[in-house]
A.B. asks: 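Got a structure for you, questions after.
First the proteins, then the strands, lettered A, B, ... as listed; each starts at 1. All heavy atoms count here, side chains included; hydrogens, waters and symmetry mates do not. Predicted model, so just to flag it, every value in this text is computed and none were measured.
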2 protein chains.
Amino acid sequence: MGQSSGRQGYHHGDARNALAAAAGELLEDVGAVALSLRQVAERAGLSRQAPYNHFDDKEALLAELARAGFERLAAKLRKVASGRSGEEALARVGEAYIGFAQASPALFRLMFARELVDLSRFPAATAASASSFAVLAAVIATMAPKDQVADRSLAAWCLIHGYATLCNETGLESVSKRKTRAEQFAHLFGP
Amino acid sequence: MGQSSGRQGYHHGDARNALAAAAGELLEDVGAVALSLRQVAERAGLSRQAPYNHFDDKEALLAELARAGFERLAAKLRKVASGRSGEEALARVGEAYIGFAQASPALFRLMFARELVDLSRFPAATAASASSFAVLAAVIATMAPKDQVADRSLAAWCLIHGYATLCNETGLESVSKRKTRAEQFAHLFGP
DNA sequence: CCTGATATATTGACAGTGACAACACCGCAA
DNA sequence: TTGCGGTGTTGTCACTGTCAATATATCAGG
């Protein structure tokens, strides 16, 4: 006899996705710290303990959100970089990076805050992160001598990431300047 | 001035400082999220509720830590900048900034993570933060035309902050490269 | 001295939380 | 059939931030 007649039913493979989706929505609403597994479960229409059937613990759920975030970011960067090169490609990549941070501030923070998730424990997330950086490095490779690509890629990433972070975390400056700044930064690495 | 008996006794003005000091130690041990007011109180030798006698809530305590952190940072930057100018001053300031982030990663994170403390609600902390940035801007003013000081200061801050953050949050690269990187970054803003 | 007022300190209580354990149920393979 | 592993649920626990009620120390004014 099913004790709960109301068709709670099995979600088969869906429960994991449903939980991740619910968590993704909650993340932008309340942030990673305030996000509670119980609220995630409720929003997904499952029981209190459901998240533990699909993730080791809260950190593992957050790591999955971060991994998906890096994959989306990498795809976005690849898209704007494709077919372009040099300073213009760099400006577009920078603009997209900043745009991502502004569109999903809580997710962006999660992706770069060791205190919220220690991604070094989650190889899939680290890999997705590396593939985002690879896009940037490929762009720099089109505009710098080979022996300087590594240093310049790192500097470019730091500059763009610093700007995106400071805008998100301290209201450094208005959102509208995004494109101008990206171009200005890209020019620093030009000829 | 009598407490000092076996009784718990009043700390007069000290309780607030004792709590902040205990919180500062705990912060680097467990991070801002895991830091609990109860543990802070216990470490300061006070009761569970003691923090509420001196701070509105947990966020206010963290804000005080952040404020003190910004003041220490500003002092450190002023020290290394004093008597120097141009590219060398910039390299020293950058190195000090990165060094601060590496020496107190949890505090540095707290100072720049809106999710942990929303500093816009705490004017004293915002002011201390601004005075840190002012040191950097002053250095840039010694090496750039007047109409470019604002843009270049911002870019320099983003670059250094991005590097410090990425090193802390993702193990971007080894600590030992700190000085080299600071010089390399400073060179980007040189003649 | 005493007397309140005020700042400080302490314990009691409560709703949420992450996590573990025990138990119920589904589908499938031997 | 039987048994087993994946999935789902409720029971329970220690811990947390915070509010309320209460006690105590210190100080000002009589």
A.B. asks: Can you tell me the distance, in whole Å, between the CG atom of L26(B) and the P atom of dC15(D)?
C.D. replies: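 It is 15 Å, rounded to the nearest whole Å.
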A.B. asks: Taking the side chain as every heavy atom from C-beta outward, state whether E183(B) and H187(B) have any pair of such atoms under 4.5 Å apart.
C.D. replies: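 SC-SC contact between E183(B) and H187(B) ruled out.
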A.B. asks: Do R114(B) and N168(A) come within less than 4.5 Å of each other through their side chains, counting heavy atoms only?
C.D. replies: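 Side chain of R114(B) against side chain of N168(A), heavy atoms only: no contact under 4.5 Å found.
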A.B. asks: Rounded to the Å, how far apart are R16(A) CZ and dG8(D) P?
C.D. replies: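 My rounded result for the distance is 12 Å.
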A.B. asks: Reading DNA chain C from 5' onward, which residue's closest nucleotide shows up sooner: R48(B) or Q49(A)?
C.D. replies: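 Looking at the nearest nucleotide for each, R48(B) comes out on the 5' side.
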A.B. asks: Is the distance from the ring center of H161(A) to that of Y163(B) below 6.0 Å?
C.D. replies: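 Centroid distance H161(A)-Y163(B): not below 6.0 Å, so no.
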A.B. asks: Output the rounded distance in Å from CG (L19(B)) to P (dT8(C)).
C.D. replies: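 To the nearest whole Å, that distance equals 12 Å.
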A.B. asks: Ring centres of F70(A) and F108(A) under 6.0 Å apart?
C.D. replies: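 No; F108(A) has its ring centre 6.0 Å or more from that of F70(A).
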A.B. asks: So if I take residues 57-69 of chain B and measure heavy-atom distances to DNA chain D, which residues fall below 4.0 Å?
C.D. replies: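 Within this stretch, D57(B), K58(B) sit under 4.0 Å of the strand.
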A.B. asks: When the distance from OH of Y52(A) to P of dT10(D) is rounded to whole Å, what number comes out?
C.D. replies: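 In whole Å, dT10(D) P lies 16 Å from Y52(A) OH.
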A.B. asks: Measure CG/N53(A) against P/dT9(D) and give the value in whole Å, please.
C.D. replies: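 Between P of dT9(D) and CG of N53(A): 8 Å.
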A.B. asks: Can you check the F55(A) CZ to dG8(D) P distance for me, whole Å?
C.D. replies: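 It is 12 Å, rounded to the nearest whole Å.
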A.B. asks: Between P on dC15(D) and CG on L35(B), what's the gap in Å once rounded to a whole number?
C.D. replies: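 So the two atoms are 16 Å apart, to the nearest Å.
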A.B. asks: Please determine if a side-chain N or O atom of S36(B) lies less than 4.0 Å away from the OP1 or OP2 oxygen of dT16(D).
C.D. replies: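 For dT16(D), OP1/OP2 do have a side-chain N/O of S36(B) under 4.0 Å.
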A.B. asks: Dump the intermediate steps for salt bridge (Lys or Arg N to Asp or Glu O under 4.0 Å) on R109(A) and E169(A), then the final yes or no.
C.D. replies: CA-CA 9 Å; R109(A) 204 176 291 128; E169(A) 305 300 327; 2.7 Å; yes
A.B. asks: When only distance counts, do a donor and an acceptor, one from the side chain of R38(A) and one from the base of dG18(C), lie under 3.5 Å apart?
C.D. replies: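 Between dG18(C) and R38(A), which were checked side chain against base, a qualifying N/O pair under 3.5 Å is present.
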A.B. asks: Over the length of the helix from dC1(C)-dG30(D) to dA30(C)-dT1(D), how much do the five-pair end axes diverge, rounded to 10 degrees?
C.D. replies: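 Computed from the C1' atoms at both ends, the axes differ by 20°.
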A.B. asks: I need the minimum non-hydrogen distance between P51(A) and A41(A), along with the two atoms involved.
C.D. replies: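 It is CD-CB, 3.8 Å.
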A.B. asks: Using a 6.0 Å cut-off, check whether atom CD of E42(B) has over 12 heavy atoms from anything other than its own residue.
C.D. replies: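 Not buried by this count: 12 neighbours or fewer within 6.0 Å.
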A.B. asks: To the nearest angstrom, how far is E42(A) atom CD from dT10(D) atom P?
C.D. replies: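 My rounded result for the distance is 12 Å.
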A.B. asks: If you compare every side-chain N and O of H54(A) against the phosphate oxygens of dG6(D) (OP1, OP2), does one of them come in below 4.0 Å?
C.D. replies: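 So the side chain of H54(A) is outside the cut-off, no N or O lying under 4.0 Å from OP1 or OP2 of dG6(D).
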A.B. asks: Mind checking whether L136(B) and L90(B) have side chains closer than 4.5 Å, heavy atoms only?
C.D. replies: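 A side-chain contact under 4.5 Å exists here.
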A.B. asks: Please report the closest heavy-atom contact between G94(B) and I160(B), naming both atoms and the distance.
C.D. replies: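 Closest pair (atom of G94(B), atom of I160(B), distance): CA-CD1, 3.6 Å.
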